[in-house]
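Below is one structure, written out as structure tokens, with a few remarks after it.
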2 protein chains.
Amino acid sequence: MNILEKITNELETFSKSERKVAEVILSSPNTVIHSSIAALAKQANISEPTVNRFCRRLDTKGYPDFKLHLAQSLANGTPYVNRHVDENDTAEEYTSKIFESTMANLELARKSLDPTSINRSVDVLTQANKLSFFGLGASAIVARDAQNKFFRFNVPVICFDDILMQRMSAINSRQGDVVVVISHTGRTKSLVEVATLAKENDATVIGITTKDTPLAKECSIVLSVDVSEDTDLYMPMASRIAQLALIDVLATGFTLRRGSKFRDNLKKVKDSLRSSRFDRKD
Amino acid sequence: MNILEKITNELETFSKSERKVAEVILSSPNTVIHSSIAALAKQANISEPTVNRFCRRLDTKGYPDFKLHLAQSLANGTPYVNRHVDENDTAEEYTSKIFESTMANLELARKSLDPTSINRSVDVLTQANKLSFFGLGASAIVARDAQNKFFRFNVPVICFDDILMQRMSAINSRQGDVVVVISHTGRTKSLVEVATLAKENDATVIGITTKDTPLAKECSIVLSVDVSEDTDLYMPMASRIAQLALIDVLATGFTLRRGSKFRDNLKKVKDSLRSSRFDRKD
DNA sequence: CAGAAAAATGAAATTTTATTTCATAATTAT
DNA sequence: ATAATTATGAAATAAAATTTCATTTTTCTG
């Protein structure tokens with residue numbers, strides 16, 4: 001864990017002198033990494049051994065080791081943390097914040113994914129007779145993106161963002177078909193019903209959703225993507241991006257499973273677009 | 001600059017003994033940051049002063065300072081690097097690689113974005129009479145996502161992924177309208193034409209594309225998103241995710257510009273979905 | 001609220017670590 | 001081949017960090 005956050009968190013548990021050190025460190029960490037223990041002690045008006053004890057309390061080997069941790073926190077501490085956009089942020093500030101929280105959430109999502117489930121999903125997808133991707137709202141976009149990827153594999157792919165079409169399609173599914181249902185909340189009634197219908201008709205249902213939700217319960221395989229959605233703006237942001245990254249993972253797994261000959265085919269699909277584009281000069 | 005890269009770059013200019021140190025450091029930097037100068041000297045089979053001179057050669061104050069730099073390089077250097085998927089990767093490996101390159105590319109994209117252009121785009125978007133988002137293929141998904149976000153702002157938003165509809169819509173545009181054209185390559189003929197048509201009809205054209213492309217030349221404002229797309233799989237991956245993050249940035253800029261009262265309205269839009277969902281138990 | 005027990009703190013001593021000095025070895029240029 | 005230059009390491013010195021231990025402060029108990 002980031003040592004600066006750790007200091008902040010444990011501030012309450014420190015003794016009076018330790019708190020003095022903590023305050024000096026928090027107020028100008030960049031100075032501290034270039035100070036000796038003597039300089040820091042003087043700055044905080046306490047003795048050198050106190051600084052040393054402070055370092056050990058934070059589970060470091062001593063002062064030099066502490067400085068190392070601090071240096072690392074400063075190097076990547078600020079980025080990739082969920083920072084909230086503020087009313088008075090400049091364009092540069094909110095741009096950075098949004099990109100950084102997106103990255104932080106991708107990191108979170110990656111950690112929450114279970115490789116076994118991914119592997120099983122890829123198994124199932126490669127052997128499917130027909131693939132269907134269903135989502136609504138922001139997840140409809142993810143479903144479309146999945147269609148855009150998987151149709152290149154020369155497999156029948158269906159994608160609907162209309163609940164009636166989804167239902168009819170689910171009812172028409174059969175053994176060997178795979179239905180991927182995408183919903184961040186996992187609570188959208190009509191999508192949960194679609195999952196149930198598909199399952200009742202013997203399709204394999206993969207859910208891209210949060211674990212322990214009504215939707216998750218209806219799925220054969222759950223790919224749970226945890227993100228801490230910033231609800232300040234009441235719009236899905238991180239969740240759909242993490243879902244898209246997961247689609248990339250599934251598509252990649254698919255191509256790897258199919259082997260190298262198969263990949264030549266993908267190149268053909270891409271090359272087919274060439275005439276629709278302006279040439280590059282370089 | 002990252003000190004590990006610096007060592008690699010200057011490897012040629014080092015003396016025989018210095019190179020020995022460099023090799024030890026490069027082969028296991030994580031061990032080095034926890035070693036004393038004596039331990040490192042022994043490991044490299046050279047003397048302590050040589051290590052010290054090596055450190056100073058790299059513009060650090062001495063060995064401890066060098067370790068600090070090294071620690072910082074390790075903190076933000078290794079992760080989020082574009083690593084390529086390998087034929088024999090396990091599910092866990094390719095999942096990590098894809099998430100990490102996505103993150104690395106978001107970082108790249110963030111750096112390439114120009115805050116001034118973002119600011120101007122937000123200006124233009126908040127003052128628009130009508131917004132249109134056009135894209136094809138993977139970018140069509142980004143356009144749809146933008147529609148999904150901006151329609152919540154109670155502004156007329158159009159989105160087409162049909163080239164004829166796009167053309168007709170562009171021809172019908174007028175001063176005060178904003179047309180956002182999305183294309184990673186910036187070379188898709190029909191989209192460049194749409195941009196030209198919109199411009200000829202006095203709409204403000206914002207291009208989400210790569211700089212110095214035919215599309216970029218037709219735009220009033222260019223939001224250039226640089227990513228190093230992994231072409232191994234012949235599918236758009238990082239580019240569309242970076243574009244989506246940019247849509248988030250624009251939408252956020254929009255809400256910030258409109259002020260806090262406006263945000264209550266967004267909450268209402270979100271709340272309107274409540275009845276379509278299963279309740280949470282917690 | 002006294003006074004004992006526990007915890008926190010710092011002065012000084014010690015140890016560890018890093019740096020400088022300087023003599024010697026290796027390399028390069030002439 | 002040999003002088004000049006550069007690189008290197010042993011030993012000495014300096015700096016920094018840690019330990020020890022006595023003293024102070026705080027907290028608990030009757």
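What you see is a predicted model, and the numbers here were worked out from it, not measured in a lab. In what follows, chains carry the letters A, B, and so on, assigned in the order in which the sequence lines appear, proteins first and then strands, with residues in each chain numbered from 1.
In this structure, CG of B/D65 is placed 12 Å from P of C/dA18, rounded to the nearest angstrom. Rounded to whole Å, atom C1' of D/dT6 lies 11 Å from atom CZ of B/R57. Straight-line distance from the NZ atom of A/K67 to the C1' atom of C/dT17: 12 Å, rounded to whole Å. Remark: C1' of C/dT17 and NE2 of B/H34 are 16 Å apart, rounded to the nearest angstrom.
The side chain to side chain contact (heavy atoms under 4.5 Å, CB included) test applied to B/P64 returns no partner, not counting sequence neighbours. Partners of A/K211 under the salt bridge (Lys or Arg N to Asp or Glu O under 4.0 Å) rule, at least two apart in sequence or in another chain, are A/D226. With sequence neighbours left out, the salt bridge (Lys or Arg N to Asp or Glu O under 4.0 Å) criterion links B/D65 to no other residue. Residues satisfying the salt bridge (Lys or Arg N to Asp or Glu O under 4.0 Å) test with A/R110, not counting sequence neighbours, are A/E107, B/E100. For A/D114, there are no salt bridge (Lys or Arg N to Asp or Glu O under 4.0 Å) partners two or more places apart in sequence or in a different chain. The side chain to side chain contact (heavy atoms under 4.5 Å, CB included) search around B/E23 returns B/R19, not counting sequence neighbours. Scored by the side chain to side chain contact (heavy atoms under 4.5 Å, CB included) test, B/T90 finds B/E92, B/E93 as partners (sequence neighbours excluded). Residues forming a side chain to side chain contact (heavy atoms under 4.5 Å, CB included) with B/A216 (at least two apart in sequence, or on another chain): B/T209, B/T213, B/V222.
Expressed to the nearest 0.5 Å, how far CG of A/L250 lies from CD1 of B/I98 amounts to 9.0 Å.
Stem regions annotated for DNA chain C: C:1-30 with D:1-30, counting only runs of 3 or more consecutive pairs of Watson-Crick or G-U type with both contacts under 3.5 Å.
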Donor-acceptor pairs are to be reported for all side-chain atoms of residues 39-55 of chain A against protein atoms at under 3.5 Å, with residues two or more places apart or in another chain.
from: A/S47; atom 1: OG; to: A/T50; atom 2: OG1; distance (Å): 3.1
from: A/N52; atom 1: OD1; to: A/R56; atom 2: NH2; distance (Å): 3.3

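Relative to the side chain of B/R53, the nucleotides D/dA17, D/dT8, C/dT19 differ in distance, and D/dT8 lies closest. Closest approach to the A/N52 side chain among D/dA17, D/dA10, D/dT8 is made by D/dA17 (side chain taken as heavy atoms from C-beta onward). Nearest nucleotide to the side chain of B/Y63, out of C/dT9, C/dA18, D/dA17: C/dA18. Nearest to the side chain of B/I37, among C/dA18, D/dA16, D/dT18, sits C/dA18. Across D/dA10, C/dT19, D/dA16, the shortest atom-to-atom separation from the side chain of B/P49 is found for D/dA10.
Using a 4.0 Å cutoff on non-hydrogen atoms, the parts of residues 16-33 of chain B near DNA chain C are B/K16, ordered by number. Within a heavy-atom distance below 4.0 Å of DNA chain C, the residues of residues 38-48 of chain A found are A/I46, A/S47.
Ion pairing between a basic and an acidic side chain is recognised when a charged N comes within 4.0 Å of a carboxylate O; A/R240 and A/D145 show no such pairing.
The side chain of A/T50 contributes an N or O atom lying less than 4.0 Å from OP1 or OP2 of C/dG10.
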